[in-house]
Asks: 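This is the structure I want to talk about, given as structure tokens.
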There are 2 protein chains.
Amino acid sequence: MNDAKEILKKSKLRPTIQRVAIVDYIIGKHKVHITAAKLIKYLKNKKINISLATIYNNLNELADKGILKKFYVNNDKMWFDTNLQDHYHFYDSEKDELIDINKNEISFSKSPKIPNGKIKESINIIINLKNKN
Amino acid sequence: MNDAKEILKKSKLRPTIQRVAIVDYIIGKHKVHITAAKLIKYLKNKKINISLATIYNNLNELADKGILKKFYVNNDKMWFDTNLQDHYHFYDSEKDELIDINKNEISFSKSPKIPNGKIKESINIIINLKNKN
DNA sequence: TAGATTATTAGAATCATTCTAAACTAAAAA
DNA sequence: TTTTTAGTTTAGAATGATTCTAATAATCTA
Ligand SMILES: [Mn+2]
Ligand SMILES: [Mn+2]
Ligand SMILES: [Zn+2]
Ligand SMILES: [Zn+2]
């Protein structure tokens, strides 16, 4: 039984062809930042039969199970991340790519006061990049 | 001539009823964080005749002219901000509201290294809030 | 006031994502 | 094994935010 199947089994998700392909992709790299559109393109290329609805279903499911992190960058594209640590991102709009910024690469000497009655739920930091002329 | 008309004149935008109403609204408050949906609701309430297309046209135009700043929060809603300073935000998802974090309320003692060949274009920081317990 | 220019609008189009409901498949039970 | 069940995939419709189109209307300038 391959790693992908193991992971799916642990999460009580049936190892369908589609799921195994998705998880294979995700575990094949150290770090993955992926969108539904990029992933379906990759899988179709590999001759895997899969629909966009299934891509979304599964990426969301994997996020629910804590195997991926889900977030948005700038406007309406949903990203999934295999890096489960709390971390931040550079966004390279030329390539439509994210680059991790680990938490230890940033530190705050001063943090804003949280409004009364509220607590921090999460922090999103995106540093948008452009080409050096 | 009222302030709104002045502002529009300076930007070479004709002071139509719709534009004056929009600009009146944004100069009527110290700080405004507004979305197209919130603004049209407000204006309709004031019995101003305006379409959603016009709201978008004008907010985008005002952003082009540097009178508003445009940005996105988390997923697909476009926000416009009268605070033109470089600054960050708390996002209160309960109320669907933004709260400014001025630049002097945050400072970094360590910043991540920008990838080669790239330069920083902008930084987005959003601190998502939730209710205390 | 005419003619030129700019603005507004309804509704269609677009795009990412979710939903629906039918067809299918893997796993469990018999 | 076969049957049953529960979970999965899928095409295509629906949704929601935003933009586009192209017709109509308002403003400006001479
Ligand atoms: Mn959307
Ligand atoms: Mn959108
Ligand atoms: Zn990441
Ligand atoms: Zn602001």
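Predicted model, so just to flag it, every value in this text is computed and none were measured. Keep in mind that the numbers below use all heavy atoms, side chains included, and drop hydrogens, waters and symmetry copies. Chain identifiers are assigned alphabetically (A, B, ...) following the order of the sequence lines, protein sequences preceding nucleic acid strands; residue numbering begins at 1 within each chain.
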Asks: Quick one, A:N83 and A:N102 - any side-chain contact, counting heavy atoms below 4.5 Å?
Replies: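 Side chain of A:N83 against side chain of A:N102, heavy atoms only: contact under 4.5 Å found.
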Asks: For nucleotides 3-9 of chain C, give me every protein contact, N/O to N/O, under 3.5 Å, one pair per line with atom names.
Replies:
{"unit_1": "C:dT5", "atom_1": "O2", "unit_2": "B:R14", "atom_2": "NH1", "d": "2.9"}
{"unit_1": "C:dT5", "atom_1": "O2", "unit_2": "B:R14", "atom_2": "NH2", "d": "3.2"}
{"unit_1": "C:dT6", "atom_1": "O4'", "unit_2": "B:R14", "atom_2": "NH1", "d": "3.2"}
{"unit_1": "C:dT6", "atom_1": "O4'", "unit_2": "B:R14", "atom_2": "NH2", "d": "3.4"}
{"unit_1": "C:dA7", "atom_1": "OP1", "unit_2": "B:R14", "atom_2": "N", "d": "3.4"}
{"unit_1": "C:dA7", "atom_1": "OP1", "unit_2": "B:R19", "atom_2": "NH1", "d": "2.7"}
{"unit_1": "C:dA7", "atom_1": "OP1", "unit_2": "B:R19", "atom_2": "NH2", "d": "3.0"}
{"unit_1": "C:dA7", "atom_1": "O5'", "unit_2": "B:R19", "atom_2": "NH2", "d": "3.3"}
{"unit_1": "C:dT8", "atom_1": "OP1", "unit_2": "B:T16", "atom_2": "OG1", "d": "2.5"}
{"unit_1": "C:dT8", "atom_1": "OP1", "unit_2": "B:Q18", "atom_2": "NE2", "d": "3.4"}
{"unit_1": "C:dT8", "atom_1": "OP2", "unit_2": "B:N58", "atom_2": "ND2", "d": "3.3"}
{"unit_1": "C:dT9", "atom_1": "OP1", "unit_2": "B:N49", "atom_2": "O", "d": "3.3"}
{"unit_1": "C:dT9", "atom_1": "OP2", "unit_2": "B:S51", "atom_2": "N", "d": "2.9"}
{"unit_1": "C:dT9", "atom_1": "OP2", "unit_2": "B:S51", "atom_2": "OG", "d": "3.4"}
{"unit_1": "C:dT9", "atom_1": "OP2", "unit_2": "B:T54", "atom_2": "OG1", "d": "2.7"}

Asks: Please check if the number of heavy atoms outside A:K44 that lie under 6.0 Å from its NZ is greater than 12.
Replies: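 It does: A:K44 NZ has more than 12 such atoms within range.
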Asks: With sequence neighbours left out, what residues match A:D24 under side-chain hydrogen bond (donor to acceptor under 3.5 Å, both in side chains)?
Replies: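 Applying side-chain hydrogen bond (donor to acceptor under 3.5 Å, both in side chains) to A:D24 gives none.
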Asks: Rounded to whole Å, how long is the line connecting atom CG of A:L8 with atom P of C:dA27?
Replies: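 The answer, rounded to whole Å, is 11 Å.
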Asks: Round to the nearest Å and state the distance from B:N60 atom CG to D:dA17 atom C1'.
Replies: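 Atom CG in B:N60 sits about 12 Å away from atom C1' in D:dA17.
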Asks: Between A:K44 (NZ) and D:dT9 (P), how many Å, whole number?
Replies: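 Taking atom P of D:dT9 as the reference, NZ of A:K44 is at 13 Å.
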Asks: Is A:L52 atom CG crowded by more than 12 heavy atoms from other residues, nucleotides or ligands, each under 6.0 Å away?
Replies: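 Yes - once you tally the heavy atoms of other residues, nucleotides and ligands closer than 6.0 Å, there are more than 12.
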Asks: Out of C:dT17, C:dA27, D:dT19, which nucleotide sits closest to the side chain of B:Y56?
Replies: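 My answer, after comparing the listed nucleotides, is D:dT19.
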Asks: Distance check needed: C:dT17 P versus A:I34 CD1, whole Å only.
Replies: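 One finds 12 Å between P of C:dT17 and CD1 of A:I34, rounded.
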Asks: Rounded to the nearest angstrom, tell me the gap between atom CG in A:D64 and atom C1' in D:dT8.
Replies: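 For the pair A:D64 CG and D:dT8 C1', the rounded distance is 15 Å.
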Asks: Figure out the CH2/P separation between B:W79 and D:dA17, and round it to whole Å.
Replies: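 So the CH2-P distance, B:W79 to D:dA17, works out to 12 Å.
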Asks: Using atom NZ of A:K77 as one end and atom P of C:dT17 as the other, report the distance to the nearest whole Å.
Replies: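 Between P of C:dT17 and NZ of A:K77: 8 Å.
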Asks: Distance-only criterion, 3.5 Å: show the donor-acceptor pairs between side-chain atoms of residues 117-125 of chain A and protein atoms not counting sequence neighbours.
Replies:
{"unit_1": "A:K118", "atom_1": "NZ", "unit_2": "B:D92", "atom_2": "OD1", "d": "3.3"}
{"unit_1": "A:K118", "atom_1": "NZ", "unit_2": "B:D92", "atom_2": "OD2", "d": "3.1"}
{"unit_1": "A:K118", "atom_1": "NZ", "unit_2": "B:N131", "atom_2": "OD1", "d": "2.5"}
{"unit_1": "A:S122", "atom_1": "OG", "unit_2": "B:N128", "atom_2": "OD1", "d": "3.2"}

Asks: Aromatic rings A:F108 and B:F108: how do their planes relate, parallel, tilted or perpendicular, breaks at 30° and 60°?
Replies: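 Aromatic pair A:F108/B:F108 classed tilted.
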Asks: CG of A:L59 versus P of C:dT18: gap in Å, rounded?
Replies: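 Answer to the nearest Å: 10 Å.
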